Visitor: 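First the structure, which I've put down as structure tokens, then a few questions once you've had a look.
Bear in mind the structure is a predicted one, so any value in this text is a computation, not a measurement. The figures here come from the full heavy-atom set of this structure, side chains too, leaving out hydrogens, waters and symmetry mates. Letters A, B, ... are given to chains in the order of the sequence lines, protein chains preceding strands, and every chain is numbered from 1.
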Amino acid sequence: MHKVVLSLGTNIGKKHENINRALYLLSHSGIRILKVSQKITTPPWGNWNQPDFLNVVVTAETTMSPVKLLRTIKEIERNMGRTSGHMEPRIIDVDIILFDNLIVKTDKLKIPHPSFRERNFVLKPLSEIAPDLKDPETGKTILQLYRELLLLPFMGYIDTPIGPFYVAEKDGQVLRTSFKNMRGRQEYTPLLDKLLKRLEDYFSGKKVDFTEFTLNFSMIPDTYRHIYTVLMKIPYGAVISYSQLAELSGIRKGAMTVGNAMSKNPFPILVPCHRVIRKDGKIGGFSAGKDKKIFLLKLELKDSFFNVFPKGTY
DNA sequence: TGACGCGCACCAT
DNA sequence: ATGGTGCGCGTCA
């Protein structure tokens, strides 16, 4: 007999009935439900333009293998009318969170669920029904993981034409932005919500001013912080060279310092390092890839991009 | 603590 | 291509 943890979610139709129906189907498919958590309502994450979710977590027993369990779950989802894909509204979604102490990492199946440690709607209810259960990957108990989750910065993202863009918040300030995946509590706050909507506007080509957001500069060296502050005064659609920015910041012969500061910019887009270009008219580097810098400059400069960067300069 | 060496999304030669 | 440049960081005493 294997002990498993499943997470169920729904955000279409009669949500309580969907959950109950899924539990009924599971329990008649060779999965013995042991404990069912409270149902909790969770705002959508990832794509917020959809209804709230209703979630529960269950502990259960089964003799099935992980792959067989996954197939059974997918079949139940299909039978209940699930058609939509990832990050879309769905009538039912069942995830395998834990399976004994097993660690599985294949394309089709990942156990433990790769992001369950960042999800309140899993850890909170699970810490009520199985606080002492251990995560085989970290060796920590569910209760420990839940306590740690509460200390994690809030994190969200939007899909942009140049890939996902991540933002994190701590104590009402923007902690980081990034084109790379970030760890954090997968939940929106009013601040993240507002920021992501502004970013959506920005990526759709609107002129957006991000200076209303307070950035957390606490772990940033003074010189870099100063350079970032000066750079934030360079408006949308304008560009400046590394050496000019150094001069504006009062650092003589500081082009390299500026380059270093740009390469470590913790707030891409909000601190507009993409507006800093080489003195010889070339584009210069960008941590997330030069193609992204070119996209952002085209976005801001529109047609005049080709005047500022004639053929062969990038 | 402080000095030293290294590396860097640059720049002028 | 090459070497000067400022700064932060890791290392060593």
Visitor: Generate the contact string for nucleotides 8-13 of chain B. Rules: B means base contact, S means sugar-phosphate contact only, - means no protein heavy atom under 4.0 Å.
Guide: BBBSS-

Visitor: Can you confirm if the aromatic rings of F179(A) and Y166(A) lie within a centre distance of less than 6.0 Å?
Guide: no

Visitor: Which residue pairs satisfy the salt bridge (charged side-chain N to carboxylate O under 4.0 Å, His left out) criterion with at least one member in residues 248-276 of chain A, sequence neighbours excluded?
Guide: R275(A)-E300(A)

Visitor: Is there a donor in the side chain of T189(A) and an acceptor in the side chain of E169(A), or the other way round, less than 3.5 Å apart?
Guide: yes

Visitor: Can you list every pair that meets ring pair (Phe, Tyr, Trp, His ring centres under 6.0 Å) and has a residue in residues 12-34 of chain A, with sequence neighbours left out?
Guide: Y24(A)-H28(A)

Visitor: Would you tell me whether N307(A) and S304(A) have side-chain atoms, one donor and one acceptor, within less than 3.5 Å of each other?
Guide: no

Visitor: Applying salt bridge (charged side-chain N to carboxylate O under 4.0 Å, His left out) as the test, list every pair that has at least one member in residues 15-36 of chain A; sequence neighbours left out.
Guide: R32(A)-E61(A)

Visitor: Please list, in 5' to 3' order, the outermost nucleotides of DNA chain C lying under 4.0 Å from any heavy atom of chain A.
Guide: dT5(C) to dC9(C)

Visitor: Once side chain to side chain contact (heavy atoms under 4.5 Å, CB included) is applied, do any residues pair with M64(A), and if so which ones, sequence neighbours excluded?
Guide: I31(A), T62(A), K68(A), L69(A), T72(A)

Visitor: Could you identify which residues of residues 225-238 of chain A place a heavy atom less than 4.0 Å from some atom of DNA chain B, listed by residue number, or say none?
Guide: none

Visitor: Name the stems with DNA chain B in them: runs of three or more consecutive Watson-Crick or G-U pairs, distances under 3.5 Å?
Guide: B:1-8 with C:6-13, B:10-13 with C:1-4

Visitor: Could you give all pairs that pass the side chain to side chain donor-acceptor pair (under 3.5 Å) test and reach residues 149-164 of chain A, with sequence neighbours left out?
Guide: none

Visitor: Quick test of your reading: applying ring pair (Phe, Tyr, Trp, His ring centres under 6.0 Å), list the pairs with at least one residue in residues 251-286 of chain A, sequence neighbours left out, ordered by first then second residue.
Guide: F217(A)-F267(A)

Visitor: Distance-only criterion, 3.5 Å: show the donor-acceptor pairs between side-chain atoms of residues 147-156 of chain A and protein atoms not counting sequence neighbours.
Guide:
from, atom 1, to, atom 2, distance (Å)
E148(A), OE1, K140(A), NZ, 3.3
E148(A), OE2, K140(A), NZ, 3.2

Visitor: Nearest heavy atom decides the nucleotide; on that basis, is I251(A) or P221(A) closer to the 5' end of DNA chain C?
Guide: I251(A)

Visitor: Could you give me the CA-CA distance, side-chain angles and deciding distance for R225(A) and D222(A), then say whether salt bridge (charged side-chain N to carboxylate O under 4.0 Å, His left out) is met?
Guide: CA-CA 5 Å; R225(A) 176 188 174 147; D222(A) 286 346; 5.9 Å; no

Visitor: Sequence neighbours excluded, which residues qualify as side chain to side chain contact (heavy atoms under 4.5 Å, CB included) partners of L70(A)?
Guide: K74(A), I96(A), L109(A)

